[in-house]
Structures are given as C-alpha cells and as structure tokens.
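I have placed the structure first, in the form of structure tokens, so that the comments after it can refer back to it.
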Amino acid sequence: MKAMARVPQRVPKTPRQMQGQMQSEKRRDVSNKQQDPVTVFCRVRPLQSEGDLTCLRVKNATTIALTPQDQLLQHHQKQQNGAQRELQYIFNHVFQPDANQQEVFTAVAQPLVENLVRGRNSLLFTYGVTGSGKTYTMTGNSRHRGVMPRCLDLLFRTISDHQAKKFVFKPDRLNGFEILSEEDALLERQQEMNQRFAGAGRFAFRRKDSDSEIASQASVEPTPLTVLDEDNMYSVFITYVEMYNNSVYDLLEDSAVQKSLQCKIIREDAHHQMFVHGVTEVEVKTVEDALEVFQMGQKRKRMGNTILNAESSRSHSVFNIRLVQAPTDCQGERVIQDKHTITVSQLSLVDLAGSERSSRTKNTGVRLREAGNINNSLMTLRTCLEYLRENQQLAPNVPAKKIPYRDSKITHMFKNYFDGEGQVSMIVCINPRIEDYDENMQVMKFAEMTQEVQIARATPMKPDLGLTPGRRKANKLFKIAVNNLNELGIPEAKHLEMDVGLVYSLGADFPHYQMDSPEAACKIQELMEYLEQRIDKRRKLRANMDIKCDNFRQLLMNLDRDNLQLRTELASMKAVYKQERERSAALENKVRIHESSIDVLNNTLSKRERQIQELSQKLSEQEHLVTQKEQEKEKQKKKYNSKLAVESDKNKREFDMKLREQRAKMQERMRIKDEKLRLVSNILQSEDVPSLPRSQSSENLLNDKDRGGFTTRTESTAPPTTRTDIYSTPRHGLAAANNRHRRSRSAGDKWLEHRAANPVPLGTIMQPYLKNRKSVTKLTDMKELTGHGANKYCLVAQEADTDGDVETKLYKGNVIPTCGGGAQVVFDDVECLKQKSPVHSPTRKRPSNGNLSASAFGGHLPTSTTGLTSVQDVASRCNLGIEGHSSKKSKM
C-alpha cells in the first residue's frame with residue numbers, strides 16, 4: 001500500500017511523453033516475447049485455356065519467378081534463346097496449379113484448427129486480384145471442399161464426444177460468455193423447440209438446406225486432433241459479417257432476406273479485444289448446422305457481375321468460428337459454474353474482395369464506387385503492415401509511427417491480431433495470365449512485405465483449479481465397472497465411491513515482474529494475492545493428505561482380511577475346476593462323434609441336390625421343346641388362316657362380279673321389253689307408223705346390245721322414266737348425221753380434251769400428247785362442243801384396277817355435225833395407260849366394278865348415261881356416239 005502511495009508523488013508527464021513511454025514499454029514487452037513472422041502461402045490458379053500466355057513459373061516449392069510482360073511478348077514473338085530478367089519471390093510454400101484442396105488445408109488451415117483447440121486465436125485471409133480463386137480456396141465447390149468446411153469438419157470430429165449441451169454457454173452480447181445452470185439451459189432448449197414448431201425464429205422447423213456445393217462429402221474424412229483436453233466441455237459459436245463500402249453488416253441478423261441490413265459498429269471489450277457490437281452468435285452442434293448458418297449468410301452477401309468475373313465479391317466477408325471451453329467438476333460431469341474459468345478462442349476466415357482497376361473492369365455507377373472502397377480498404381491494410389514493419393525495425397528510443405487501424409473497418413477489426421493476440425496466415429492467390437501481370441506484381445510486393453512483419457506469440461492463460469487430469473474419463477470407466485458388477489449380482493458395487501480429488505501442486509511458477517515500472521505498486525498487490533492463494537491451497541492439500549492417509553491405512557487392513565478369505569476360496573475353486581475339466585473332455589469326445597455323422601449327412605445331401613439340379617435342367621429342356629412346337633403350330637395356324645381369308649375374299653369378289661353382270665343383263669332385257677311395249681303403244685296411238693330411222697326395231701336394239709354399242713342423246717339429261725311415262729309419251733328418233741363425214745385434212749385436227757378437275761398425277765415416262773387441244777372439265781352447253789371448231793373429242797377417265805393400281809383410259813372419237821345444228825361424237829378408239837408393281841400382293845382388295853360417277857369427270861356429261869352398266873361395258877364397245885343440240889326439239 002505504501003508503494004501505491006508513492007505513485008502520485010512522481011513528476012507528472014505530458015500526454016505526449018506518457019504516450020511515447022507507453023509505446024516504448026509496449027514495444028519492449030513485445031520484443032521480450034517470442035515472435036513469429038506472418039505465414040504467407042501462394043496458390044497458382046490453372047490457366048483456363050491452353051492458348052493463354054503465362055507470366056510466371058514455379059521454380060520450386062517456395063519460389064516463384066515473375067517474367068516482365070514486354071520480355072514475355074518479345075520472347076513469344078521472336079522465340080529468342082537468350083536469358084530473360086526474372087523477378088523471384090519466396091514464400092513459405094507455393095502450391096502448384098494441380099494442387100488439390102486437401103493439400104492446401106493440411107499445410108495452411110490444420111495448424112490453425114490446432115491453435116483453436118488449444119485456446120489460441122488465429123487469422124487466415126485470402127488476398128489477390130479478382131478472379132484469382134480466393135473464394136474457391138476458402139469455400140470450394142461440389143467436388144472439392146474448401147478451407148472453411150474442412151475446418152468445421154475437423155473441429156467437430158475432434159470435440160464430438162466432449163460437447164456441452166446447448167445453451168450451457170450463452171453470449172453476453174459484450175464479446176464474452178456466461179454459464180447457465182442445467183435448469184436454465186433446459187428452459188432455453190424448450191423455448192427454441194417451441195419456436196421451431198411454431199415456425200418462428202431464425203431456424204424455423206425445416207430440414208437443413210445447406211449448400212450442396214459446400215456440404216459435399218467428396219473429400220476424405222479427416223483424422224481427429226490429439227491436442228484436446230478431455231476434462232473440458234466445448235461449444236462452437238458462429239458469426240458471419242461483411243464489410244461493404246467500409247461499413248459492417250451482420251449477415252446472420254434475424255430479419256427477412258429481402259430487408260436491408262443494419263450497419264454495425266466495432267467496439268473494444270473489457271479485455272481490449274475488438275468485436276462487432278450486437279453481432280448475432282449462433283451455437284451449432286454439427287457440421288450441417290454450421291453450413292446451414294453459412295448458407296443463410298451467403299444469400300445476403302453482396303455479389304456482382306463484372307467483365308473479369310461473373311460472380312465477383314463486392315465486399316470483404318469474415319466467417320468467425322469461436323470455440324468456448326470450460327473445465328468440469330471433480331466428477332467430470334458438469335461444467336464448473338464460474339465465469340472466470342471460461343477460455344474463448346477464435347478462428348477468423350476472411351475472404352477479401354479482389355483488387356480491381358477501373359480501366360479493365362469498365363465499371364460505372366455503383367460498381368465503380370464498390371471497387372473504390374475495396375481498393376481503399378486493401379490499401380489501408382497494406383499501409384498498416386508497412387508501418388508495423390517499420391516500427392519493429394526502429395531503435396528502442398525512437399518514437400514509433402501511429403498505425404492507422406481505424407482508417408478501414410477490416411484493419412480496425414483485426415487490430416488485436418497484429419498487436420500480438422494470435423497467429424496470422426495469408427494465402428496469396430495468383431492468376432498466371434499475362435493480362436494480370438501488373439496486378440500480380442503488386443500482390444507479390446505486398447506478400448513480400450507482409451512476410452517481414454513479426455507477430456508476438458500469444459500464450460493463453462488457462463485457470464489451474466488443482467483438479468485431477470483425466471477425471472472425466474476415469475469417472476466414465478468407473479461407472480462402466482459399477483454397472484458390470486451390478487449385472488453380475490455383487491451387492492457391494494452399490495457402495496463403491498470414486499475419489500478423484502485434488503492434484504498436489506501449488507500451481508504455476510511465479511510470473512515475471514519488473515519492479516522499476518510505473519505499475520510496480522499494482523504488481524506487488526497482485527503478487528501478494530497470488531501468495532495468499534498458494535498458502536490457502538497448501539493448507540487444503542495438507543488436510544486432504546491426512547484424510548487420504550487414514551483411508552489408505554484402513555484400506556490395507558481390509559485388503560489383508562480379504563486376502564485370507566480369497567485363499568480359502570481359491571483352494572475350493574481348484575477342486576471344482578479339475579472336475580469341470582474332466583467333464584469338458586468327455587463332452588469334446590461326444591462332439592467329435594457328432595461332427596463325423598454330420599459330415600456324412602452333408603455329403604448325402606450334396607449328392608441329392610446335384611441330382612435335383614440335373615432333373616430340373618432336363619425338365620427345363622423338355623418345356624423349351626414343347627414351347628417351340630406350340631409356337632410352330634401357332635405360326636402354321638396363322639399362315640393357313642391368312643390363305644383362307646385371301647381365297648374367301650377372292651371368291652366373294654368373283655361372285656359379286658357375276659351377280660352384277662346377271663343384274664345388268666336382266667335390266668337390259670327389261671329395258672328392251674319396255675321399249676317394245678312403248679313402240680307398240682306409239683303405233684296404236686298414232687295413225688302413221690314411224691319411219692325406221694326414227695325408231696329402231698327390237699331386233700336392231702338386240703343387235704346393238706349384242707355388238708356392245710349404244711347411243712346417247714344430249715337434248716335430255718333427266719333420269720330414266722318409269723314404265724307409265726314410256727307408254728304415255730311418244731319418243732322422238734335420233735337426229736340424222738353422216739358417219740362418213742370427213743373434214744379437210746389441210747385444216748388439221750383440233751382436239752377437245754374432257755378430263756377431271758383434279759386428275760391423279762401419273763408420273764410415268766409415256767404421257768398422253770394431243771397437238772392443238774383445248775381442255776375442259778365440264779360440258780354443260782352445246783357451244784362448248786361446237787363453238788371451238790373441234791373435230792376430235794378425247795374423254796380421260798381414271799380408276800383403280802383389281803390390284804389397286806391407277807389405270808388411265810382415253811376414249812377418242814370424231815365430232816360430226818347433225819341436221820339439227822348440233823354435233824354428234826362417235827368414239828372409235830380407246831387407249832389404256834397402266835402401271836403395275838413388280839411384286840404381286842395377294843392381300844390387295846379388288847375395287848367393285850361400279851359405274852363411272854359424274855364427279856370423276858368433274859361434272860355432268862352432256863348426254864344421258866342411263867343405259868350404261870359399267871365402264872367395262874363402255875370399254876368393250878367398238879363405237880360410242882354422243883349427240884348434242886343447241887336447244888331441245890319440239891314434239892312432232
């Protein structure tokens with residue numbers, strides 16, 4: 001206390017002198033501690049195409065040679081063999097373009113996870129130009145997991161059996177934690193479960209939908225670390241923030257994804273540690289939970305599309321893994337309810353946004369502002385490291401430069417790491433394209449400068465409570481042994497007690513103090529408190545030792561008594577053992593006899609099984625033959641059925657044809673008889689007998705029928721009359737015409753072609769050819785026949801033959817004028833154009849032999865077709881006459 005009273009009597013110093021003295025003392029304290037340089041690794045990205053030129057080459061596992069751009073182009077154009085000027089940069093390790101993610105994690109991140117478990121802080125950040133593979137190295141893809149998911153996987157595999165129940169550790173919102181009792185933790189868990197079922201809260205009741213690209217299980221399972229303190233209980237907390245436009249945002253804030261995030265501030269806690277005030281800390285128990293938290297933050301992270309990168313990070317992202325550990329009680333079952341026993345370690349994984357030049361990215365507007373803020377923050381980081389290196393190289397009495405940590409949020413947040421509160425590592429990502437030569441050179445210079453910065457090695461002070469190491473595992477084994485004894489029915493097992501008392505140690509050595517420092521009085525007071533604690537602990541240990549000595553003496557007496565009893569029991573057990581051994585030998589002889597009989601039965605069974613297999617094979621062959629025969633019968637049946645159907649169809653068509661012919665003959669006979677009756681009726685009604693040219697006799701009609709010729713009139717197109725009309729109405733004779741009429745040969749033949757409106761295309765080599773012709777589709781007026789001066793008439797008809805092929809017939813005749821001023825057509829020639837298939841198909845159906853329809857000629861013929869029976873009858877005629885008049889004749 002007197003020393004404390006002397007402190008105010010010292011000469012007061014100005015704030016500048018106090019500040020300089022404090023900085024010099026701080027530098028002296030840091031210099032006294034063991035220091036480590038910043039660990040810098042380099043990873044070269046593979047070229048995207050074989051045609052790209054590279055501006056660097058990897059010389060060995062630690063060296064990279066960078067070739068200037070102008071020399072590289074000159075060498076590529078001229079293929080010179082002379083030496084080139086190269087810039088060499090040395091790193092802790094250089095990863096080749098073909099290095100996989102597991103190699104990067106083992107060399108870079110696995111030591112940081114070990115520090116995390118030991119209670120030390122670590123910082124890992126990726127640095128490089130845009131599109132150099134920083135995000136791929138940190139997070140990976142579906143086939144190759146990155147550093148972050150591998151760190152989580154290794155951490156949870158290490159602490160899998162030593163995790164505390166959820167909500168045992170709870171954040172106090174001031175970068176610290178407090179320990180809840182079992183009852184309070186249970187209430188918190190029930191409240192979280194109710195929110196899940198109600199669909200409220202950050203993680204409503206739903207299935208984990210973590211990113212499949214990051215949660216892929218393509219990598220090999222890591223081996224758990226062996227640096228774990230088995231007497232501690234552990235919990236993992238996750239925070240995820242980003243620095244966008246030099247502002248801090250919480251990506252895990254409990255709000256909608258579409259809602260804008262609130263800006264956070266960086267503060268300093270009671271232990272002079274920097275933290276984001278009000279940040280959301282999520283407790284996770286598995287790798288899937290952690291990846292789900294990461295995926296939720298990824299949805300809010302700012303991403304953009306630039307010329308150099310389709311998915312470019314527009315902000316710096318910081319993913320913090322905080323490991324909280326506290327010792328258990330003397331039984332190793334529960335966490336000691338003391339806040340001062342908690343040890344908090346942190347692993348910060350930082351994915352820095354890539355530096356950009358606006359001349360290359362062509363950014364404008366918001367993207368240009370983002371690029372400017374990114375470049376400014378990276379420049380501030382570089383300036384801080386440069387000042388830190390210069391201060392470390394200054395003499396002790398030279399004032400140090402003030403490091404501008406507060407100029408950027410990223411440097412302000414990690415100020416403690418550079419001041420000696422953890423290990424710092426950096427992965428420099430390089431894109432070896434020649435277009436990125438200038439940016440790569442700046443990155444190399446920054447990496448070279450960073451390796452010269454020395455970081456003081458932090459030594460975490462874990463509380464020593466004097467408890468027995470390994471008490472948790474010993475208590476677990478003791479419970480297993482007691483359960484086994486209870487199952488065996490030993491009643492004494494219920495009264496056994498385990499003693500894992502205090503460790504006989506007065507604690508750590510005395511800390512190092514300097515009595516000539518301004519804080520000597522405070523140090524002396526702390527030393528006195530430390531000595532009082534040692535004295536109190538010594539008294540407790542002495543009392544505990546006396547009790548244990550008495551217990552040990554009583555235990556020895558009990559063991560001696562138990563030893564005599566066990567010897568007596570051993571003699572009796574030996575006799576019982578001899579009897580049981582003889583009995584066992586007899587049972588072994590019986591077993592051998594039964595085994596020989598079982599072998600014989602097994603041989604017989606195998607023979608019977610082979611016989612069954614042979615018979616089954618024969619049976620299957622017979623069934624196959626029967627199946628084949630049935631198939632052949634079925635084929636023959638189908639074949640004969642098809643032949644029968646063809647023959648039946650053929651006979652049916654023949655019968656139909658004969659039937660139609662008989663009907664046609666009967667109709668013709670009836671018509672002849674009707675004509676005779678009509679003639680007789682006309683004779684009876686008229687006074688004069690009609691002349692022969694006007695009416696033909698029945699003999700002539702019969703002769704015309706036998707010859708196949710017929711005559712049609714053009715003055716009437718009405719359908720045939722009934723028998724009563726024939727008797728009541730007299731019929732006029734045909735108009736007189738000279739069948740031997742011939743026109744002058746000098747005038748030439750003029751043809752009138754009568755065809756259908758839409759004839760079927762022939763597609764044949766031989767085509768009908770008529771010189772000086774006129775084609776019509778309908779003859780509805782006499783002028784169409786006589787007005788063109790045509791002396792030749794051609795009727796084109798198309799039909800399908802019995803085989804289904806198209807048959808074209810041309811009926812040709814002469815146009816002869818009549819005495820009534822009309823014209824008469826006398827057919828004297830028929831031409832037939834027909835196509836046939838070289839393969840005869842018996843299954844084709846023959847078309848019915850019906851009469852030519854009027855639609856086949858495109859309209860009505862100019863004459864009556866009542867007397868026609870079929871086209872075949874017309875084809876069999878040798879002469880066909882058509883008479884036309886300009887107007888109907890009057891009755892005689």
Side-chain angles (χ1 to χ4, degrees), residues 98 100-102 140-145 149-150 153 156-157 160-161 207-224 286-288 291 480 483-484 486-489 573-654 803-804 837-846:
D98 56 350
N100 54 31
Q101 299 281 54
Q102 180 63 32
N141 55 22
S142 60
R143 296 182 58 187
H144 308 287
R145 298 192 302 173
R150 290 176 186 269
D153 197 4
F156 280 104
R157 289 183 185 277
S160 58
D161 298 332
R207 183 61 188 160
K208 307 294 188 301
D209 55 351
S210 58
D211 193 354
S212 59
E213 294 187 357
I214 300 175
S216 174
Q217 300 298 326
S219 62
V220 181
E221 296 182 357
T223 304
T286 60
V287 181
E288 290 75 13
L291 292 176
I480 293 174
N483 292 332
N484 293 336
N486 290 330
E487 292 177 358
L488 294 175
M573 293 298 293
K574 284 183 178 179
V576 175
Y577 173 72
K578 185 177 180 181
Q579 294 177 0
E580 293 293 333
R581 189 172 182 179
E582 292 175 355
R583 182 170 172 272
S584 176
L587 292 175
E588 287 178 357
N589 292 330
K590 290 183 180 180
V591 169
R592 283 194 291 270
I593 294 172
H594 289 305
E595 286 179 352
S596 61
S597 61
I598 290 173
D599 293 337
V600 174
L601 293 176
N602 287 334
N603 294 331
T604 305
L605 180 61
S606 61
K607 291 180 181 179
R608 295 293 182 268
E609 288 179 352
R610 286 195 296 272
Q611 291 177 359
I612 292 172
Q613 186 176 3
E614 292 176 357
L615 293 175
S616 300
Q617 186 175 2
K618 290 181 180 179
L619 179 60
S620 62
E621 292 177 356
Q622 294 295 330
E623 290 178 351
H624 182 65
L625 293 175
V626 170
T627 304
Q628 288 182 350
K629 290 182 179 179
E630 290 180 354
Q631 292 178 354
E632 291 179 358
K633 289 182 180 179
E634 190 68 24
K635 290 181 180 178
Q636 293 294 334
K637 183 177 180 180
K638 292 181 179 179
K639 181 178 179 180
Y640 288 126
N641 287 337
S642 62
K643 289 184 178 180
L644 181 61
V646 171
E647 292 297 330
S648 300
D649 191 15
K650 182 179 179 181
N651 294 332
K652 184 177 180 181
R653 289 197 301 271
E654 292 178 355
D803 292 334
S837 175
V839 179
H840 180 69
S841 177
T843 60
R844 290 188 178 181
K845 295 184 178 181
R846 298 175 62 183

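Although no hydrogens or angles enter the test, the distance criterion places no donor-acceptor pair under 3.5 Å between the side chain of D649 and the main chain of A645. A donor-acceptor distance shorter than 3.5 angstrom exists from the side chain of S648 to the backbone of L644, with no hydrogens or angles considered. Within the 3.5 Å criterion, the main-chain N or O of P149 finds no donor-acceptor partner in the side chain of D153.
Annotation for V287 and F156: closest pair CG2-CD1, 3.8 Å, computed over non-hydrogen atoms.
Screening residues 609-625 for side chain to side chain donor-acceptor pair (under 3.5 Å) gives H624-Q628 as the qualifying pairs, with residues at least two apart or on separate chains.
A distance of 9.0 Å separates CD in E632 from NZ in K629, rounded to the nearest 0.5 Å. Annotation: the span from L625 atom CG to E630 atom CD amounts to 11.5 Å, rounded to 0.5 Å.
Between L291 and E288 there is no side-chain heavy-atom pair separated by less than 4.5 Å.
Partner of R145 under the side chain to side chain contact (heavy atoms under 4.5 Å, CB included) criterion, out of Q102, R150, Q101: R150 alone.
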Take R583 and E580, measure what side chain to side chain contact (heavy atoms under 4.5 Å, CB included) needs, and give me the verdict at the end. CA-CA 5 Å; R583 182 170 172 272; E580 293 293 333; 3.8 Å; yes
